[in-house]
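Just the heavy atoms: all of them, side chains too, but no hydrogens, waters or symmetry mates, feed the values below.
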Amino acid sequence: MKVLFIGGTGLIGTAVGQLLTETPGVSLTALHRGNSAPLFSGARMLNADARDPASLRRVLGGEYFDVVVNWIAFTPEHVRQDIDMFTGRTGQYVFISSASAYQKPLMHYRITESTPLTNRIWRYSEEKAECEALLQHSALPCTIIRPSHTYGLGNLPFPIGARHPYTPIKRILDGKPVILHGDGTSLWTITHHTDFAQGMAGLLGQPRAVGQEFHITSDEALSWNNIVRTVGGALGVEPKLVHLPSALIERKLPGIKGHLLGDKAESVIFDNSKLKDFVPGYQARVTFAEGVRRCLRYYDSHEKLIDEEYDRDMDMLTELAEKIYAL
């Protein structure tokens, strides 16, 4: 099976790519810009600008791929280019969408692939839904994948993310508060990137998966209070939790509106029955407690960078909460 990755340098793509290079009978080609070292041991690397059709055609020539995975298609224009480029040149085009595109607010607590795509709070999610609609009305044989919150390496889940993800970990170690939206009891589904890779790899090259949509998540849903306390437990520290209304957090930090009000402020529980039907034996096996330990071990051999702006923002929200609770 010949697989082409366009992009794939992020947390999820690298996990899937590494798994594919270790799978007998799979030949992976990774297309990227620049002259960086190979992303995956055993993969063929090609240099081209994915946004430049002439550059792509020059590098790919007339080569046919059984599977094309575009990790960096975010707008309808990106998808139109791929429809033109790969129709007739692949048996399966895989579009990486987003589970954030599902209906907000939800009308039913359990999300299936048939849950409407109507998130008007976050433009990123709206554009992903528009991309899906374009593909579904095209001649390109497409499989749509909707990741939810996937974590791994040193990137632990927090409701307000930092540019350098060690920052909230350092705050816990220093006894500084972690800001949580609402009362921290909303449920959130988090998936280790190696589990996601197992599910996605099982869909690649599968004719029955063409024309279908899938989310790939864990079956483990935890409250945000429990998520942060699990991180604290692995650190040997009882974290200080400070709760603020989601709308107030967004008012003070308007740049996180999509990530918070359009995503993390909702309780999300996914039904993975469809994926398990197409990929028999799929089961997310890395519990969050184990995933936290793996993420913390990552920092034993990696630099612990701190996002100072994030730290100041969290201190500002802490002071705001202290004033509110003092009333």
Side-chain angles (χ1 to χ4, degrees), residues 1-32 36-48 50 56-73 78-79 81-97 113 131-132 135-136 138-147 150 152 191-217 272 274-285:
M1 181 170 67
K2 291 179 59 178
V3 180
L4 172 67
F5 272 17
I6 301 174
T9 62
L11 180 71
I12 303 177
T14 51
V16 178
Q18 194 57 52
L19 178 59
L20 292 179
T21 61
E22 297 167 0
T23 302
V26 175
S27 170
L28 176 62
T29 297
L31 186 145
H32 67 118
S36 59
L39 300 172
F40 318 107
S41 175
R44 177 176 62 139
M45 306 300 294
L46 296 178
N47 295 334
L56 278 177
R57 289 192 175 92
R58 184 171 58 253
V59 169
L60 297 178
E63 191 168 357
Y64 181 95
F65 293 92
D66 300 296
V67 180
V68 173
V69 183
N70 193 333
W71 296 93
I72 54 172
H78 297 162
V79 165
Q81 177 182 307
D82 280 359
I83 291 171
D84 181 58
M85 179 70 62
F86 293 109
T87 299
R89 296 185 56 173
T90 184
Q92 183 187 36
Y93 174 87
V94 178
F95 173 65
I96 306 300
S97 185
E113 283 81 358
C131 290
E132 289 194 26
L135 287 163
Q136 288 164 341
S138 76
L140 189 60
C142 181
T143 298
I144 292 168
I145 306 292
R146 299 169 183 152
T150 307
T191 309
H192 197 266
H193 65 151
T194 59
D195 282 329
F196 181 95
Q198 293 287 342
M200 180 167 164
L203 295 171
L204 301 185
Q206 186 180 150
R208 196 162 68 103
V210 173
Q212 301 291 333
E213 310 86 36
F214 303 88
H215 47 242
I216 303 174
T217 78
N272 286 292
K274 182 175 181 180
L275 174 65
K276 292 175 182 178
D277 176 49
F278 279 73
V279 186
Y282 170 77
Q283 183 69 46
R285 304 187 186 282

Q: Working to the nearest 0.5 Å, report the span between CE of Met85 and CG of Leu56.
A: 4.5 Å
Q: Dump the intermediate steps for side chain to side chain donor-acceptor pair (under 3.5 Å) on Thr143 and Gln212, then the final yes or no.
A: CA-CA 5 Å; Thr143 298; Gln212 301 291 333; over 6 Å; no
Q) Is the backbone N or O of Leu11 less than 3.5 Å from a side-chain atom of His193, with the two atoms forming a donor-acceptor pair by type? A) yes
Q: Please round to the nearest 0.5 Å and tell me the distance separating atom SG of Cys142 and atom CD of Gln136.
A: 7.5 Å
Q: Test side chain to side chain contact (heavy atoms under 4.5 Å, CB included) on Phe95 and Asn70 and set out the steps.
A: CA-CA 6 Å; Phe95 173 65; Asn70 193 333; 5.8 Å; no
Q. Heavy atoms, side chains only, cut-off 4.5 Å: are Pro141 and Tyr93 in contact?
A. no
Q) Are the side chain of Thr87 and the backbone N or O of Ile83 linked by a donor-acceptor pair below 3.5 Å? A) yes
(Q) So Phe214 and Asn272, do their side chains get closer than 4.5 Å, heavy atoms only? (A) no
Q) Does the side chain to side chain contact (heavy atoms under 4.5 Å, CB included) test come out yes or no for Ile216 and Thr191, once each step is laid out? A) CA-CA 8 Å; Ile216 303 174; Thr191 309; 5.5 Å; no
Q: Could you check if a side-chain atom of Met1 sits within less than 4.5 angstrom of a side-chain atom of Leu204, using non-hydrogen atoms only?
A: yes
Q: State the OG-CG distance between Ser138 and Asp84, to the nearest 0.5 angstrom.
A: 11.5 Å
Q | Validation row: Leu203, Leu275 side chains within 4.5 angstrom (heavy atoms) | A | yes
Q.
Can you give me the closest heavy-atom contact between Val16 and Met200, atom names plus distance?
A. CG2-SD, 4.1 Å
Q) Short question: side chain of Thr21, backbone of Gln18 - any donor-acceptor pair under 3.5 Å? A) yes
Q) Any side-chain heavy-atom pair from Phe65 and Thr29 closer than 4.5 angstrom? A) yes
Q: Answer yes or no: is there an ion pair linking Arg146 with Glu113, defined by an N-O contact shorter than 4.0 Å?
A: no
Q.
Against the six-membered ring of Tyr64, is Lys2 placed for a cation-pi contact (under 6.0 Å from the centre, within 45° of the normal)?
A. no
Q) Can you name the closest pair of heavy atoms from Ala73 and Val79 and give their distance? A) CB-CG2, 4.4 Å
Q. How many angstroms lie between atom CH2 of Trp71 and atom OG1 of Thr9, to the nearest 0.5 angstrom?
A. 10.5 Å
(Q) Give me the atom names and distance for the closest heavy-atom approach of Ile6 to Ala50. (A) CG2-CB, 3.6 Å
Q.
Working note: Leu31 + Leu60, criterion side chain to side chain contact (heavy atoms under 4.5 Å, CB included); need CA distance, chi angles, decisive distance, verdict.
A. CA-CA 9 Å; Leu31 186 145; Leu60 297 178; 4.2 Å; yes
Q | From Gln81 atom CD to Phe86 atom CZ, the distance as rounded to the nearest 0.5 Å | A | 8.5 Å
Q.
Nearest 0.5 Å, please: how far is CD1 in Ile144 from CD1 in Ile96?
A. 10.5 Å
Q.
Minimum heavy-atom separation for Asp82 and Leu140, please, with both atom names.
A. O-CD2, 4.1 Å
Q.
For the backbone of Ile145 and the side chain of Glu213, can you confirm whether one donor and one acceptor N or O come within less than 3.5 Å of each other?
A. no
Q. Taking NZ, NE, NH1 and NH2 as the nitrogens, is one of them in Arg89 or Glu63 under 4.0 Å from a carboxylate oxygen of the other?
A. no
**Q.** Evaluation steps, side chain to side chain donor-acceptor pair (under 3.5 Å), between His215 and Thr217
**A.** CA-CA 6 Å; His215 47 242; Thr217 78; 5.7 Å; no
Q.
Contact between Phe5 and Val68 at the side-chain level, heavy atoms closer than 4.5 Å - yes or no?
A. no
Q.
With heavy-atom distances below 4.5 Å as the criterion, would you say the side chains of Gln198 and Leu19 are in contact?
A. yes
Q) For the residue pair Ala201 and Leu20, what are the closest heavy atoms and their distance? A) CB-CD2, 4.2 Å
Q) Between Ser97 and Pro147, what is the shortest heavy-atom contact and its length? A) O-CD, 3.3 Å
Q) Would you find a donor on one side and an acceptor on the other, under 3.5 Å apart, between the side chain of Gln92 and the backbone of Gly205? A) yes
Q | Side-chain touch Val3/Asp66, heavy atoms, less than 4.5 angstrom | A | no
